[in-house]
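Shown next, in structure tokens, is the structure this report addresses.
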Amino acid sequence: MTATDSISELRGAVEEAARALRDGERTEPPPTLDRPPKPELGDYSSNAAMLLAGPLGDNPRAVAERLRAELEGSLGDGGDIDRIEVAGPGFVNLFLSDAWYRRALAALAGSGDALAAVATDAPERVLVEGPSANPTGPLHVGGGRLAAYGDAVVRLLEAVGHEVEREYYVNDAGAQVGTFADSIGARMKGEGPPENGYGGEYVSELAERIAAEGIGPEDREALGLRGIELMLEGVRETLGRFGVGIDTFASERAIYARGEVESALARLDAGGHTYRSDDALWLRTTSFGDDKDRVLIKSDGEPTYLTADVAYHWDKLQRGFDRLIDVLGADHHGYVGRIRAAIAALGGDPDAFEAQIMNLVHVVEGGERVQMSKRSGDFVSLDDLLDDIGVDATRWFMLWRSHETTVDLDLELARSQSSDNPVYYVQYAHARIASILRKAEGSAAGAAGGDGGDRIVPLEPGEKALIKRLLQFPDEVRESAARRAPHRICAYSTAVAADFHSFYRDCQVVGAEGEGVERSRLALCRAAKRTIAEALGLLGISAPERM
RNA sequence: GCGCCAGUAGCUCAGUUGGAUAGAGCGUCGGUCUACGAAACCGAAGGUCACAGGUUCGAAUCCUGUCUGGCGCACCA
């Protein structure tokens, strides 16, 4: 038996009862099985009667009564329920027995991995691209948010059984490389940055380092290439330190070098999707839902950024991925229509392409926003942030809000190692449990293990609440993965920690009296500890044994 | 002007295939350490879910319109 079975069994029983009332016909959408808002309303609750009222032509409360009779038969025989009530507009509320809770806990304790049960029935090959920040400077906090998010989404997708690769697209071609080279060259000559150039302190350091390698300011190409190479090295180091693994770095130059841009252009041309106007080559993206057509080759003969990107996305599809997820900054959201259109024009499935738009992150200190601008060089780099508040707090504060909303990262809050800081709150719960388990190793019950299945003492409300919370984990992971919403995992782990702390206040664990009580509470502690660790693991955050 | 995102407690935000009296953290006020970690717990105050219509047994959630804020609307990347 696995952890989800306790919930799935109940859900199945409700669906079964609903079907019985409709002579075997299934109800669409399927009835819910939720936790009601208040404990007086039972352990679990279903809206099945309201859904059935229409088709059956009966009022919801009457239908609910019939459902209750069905369920009392099916669940009652197994001794799973204390009682069933009909309430409100027609909710069917289930009050579960201690026997059900003991079995649920045994199932939790018995499965070595809380996530074992979440596998999807439709695994996909997915490529997640991000943060793909320009290699003309170090990663800043915005890139860090893209990286943290992309990485958490990858972990979620892998947890539910998808086959995922992570890729970083390197813009190492085009005009910006020249600008970057000029900026480095200017520094070598002791000059300020050129107009629209890069002026950060790191450019000076780069200039020094590259000069020492014997490359002079006049060698523009070598300057640009080497500069980007070195920046990318730094990016890799930062990402590594941040716990973000990238499987492949895809080079824009390489896309050109392999002739993929030409072949993409040829394919678009052959499909009749391009035309010439004003000396430029245009892609008719409006045929595929874009607002206006886009230029592929400028009148000066140079391709646009879009052209390489189209070739790149086509390349990704050709590599056999079922789904492409691009993690993009909010300032790129105008871009997704073009890519979709281009994919369609190339004959691909535009729905295979999915853009996750990340909103901005503002670093706040003392109520004021710290300014960020790569051009002036006055920005908070991800490295600086990691030095300041550490990997765990950084990841937490970049993930705990929906990616669609802007987030203010309050340095003082993130730095504080106190109860104010939610990441420590969750980690503290984990460390506290670890401490209890260490203490229990000496006791007979702790050494014996087991799940307390022989327990006859009734369960406390705090124990039941925690068990229900832990049972929720697989659904939470599935939902978070499906919606690409790691912030839900932050909220969930906070809730587990809160439920644990309440349980801990009410229930003595080590040395608890009563047959099997200590054993069952230790089993609950182990399950809670493992769940917190796995939840934090999905976020790339550590779960310390001590703090 | 057009598009995307947002508008929920004093602040920061959760809350989507439509469910019961809308939640959490911070802040404020008041309690709890001679038992396993007080980095914790318990309680209180705090809401026209931006506004107006609509859909139905039921709307923060779906539809339409309006207002406000952020971002984007290149032969830049």
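Naming convention: chains lettered A, B, ... in sequence-line order (proteins, then strands); numbering from 1 in each chain. Source: prediction; values computed, not measured.
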Could you check whether [X] gets within reach of a base, just the sugar-phosphate, or nothing at all, counting any heavy atom under 4.0 Å?
X	answer
A/Gln508	base
A/Ala280	base
A/Pro60	nothing
A/Ala431	base
A/Lys292	sugar-phosphate
A/Asn93	base
A/Cys507	base
A/Asp309	nothing
A/Thr405	sugar-phosphate

Would you say the base of [N] and the side-chain of [X] have a donor-acceptor pair closer than 3.5 Å?
X	N	result
A/Asp331	B/G72	no
A/His332	B/G72	no
A/Arg401	B/U12	yes
A/Ser45	B/A20	yes
A/Asp34	B/A20	no

ask   = Do NZ/NE/NH1/NH2 and the carboxylate oxygens of A/Glu129 and A/Lys316 come within less than 4.0 Å?
value =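 Looking at A/Glu129 and A/Lys316, the cut-off is met.
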
query = Under a 4.0 Å N-O cut-off, is there an ion pair linking A/Asp351 with A/Arg340?
reply = yes

message = I need the residues from residues 488-502 of chain A with at least one non-hydrogen atom less than 4.0 Å from RNA chain B; give them sorted by number, or say none.
response = A/Arg488, A/His501, A/Ser502

request  = Give a yes/no verdict on base stacking between B/A20 and A/Phe91: centres under 5.5 Å, planes within less than 30° of parallel.
outcome  = yes

inquiry  = By a 5.5 angstrom centroid cut-off and a 30 degree plane limit, is there stacking between A/Tyr504 and B/C36?
reply    = yes

Looking at the side chain of [X], which of [options] is the nearest nucleotide?
X	options	result
A/Arg546	B/C5, B/G37, B/C13	B/G37
A/Arg483	B/G15, B/A77, B/C41	B/G15
A/Val509	B/C36, B/C75, B/G19	B/C36
A/Leu360	B/G15, B/C71, B/A77	B/C71
A/Ile436	B/G37, B/U12, B/C41	B/G37

key: RNA chain B stem ranges, 3 or more consecutive Watson-Crick or G-U pairs under 3.5 angstrom   = B:1-7 with B:67-73, B:10-13 with B:23-26, B:28-32 with B:40-44, B:50-54 with B:62-66

Separation of the [atom1] atoms in [N] and [M], to the nearest angstrom:
N	M	atom1	value
B/C11	B/C51	C1'	23 Å
B/C75	B/C13	P	35 Å
B/G25	B/U61	C1'	23 Å

message = Whole angstroms only, please: what is the CG-C1' distance between A/Leu328 and B/A77?
response =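 About 13 Å, once rounded to whole Å.
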
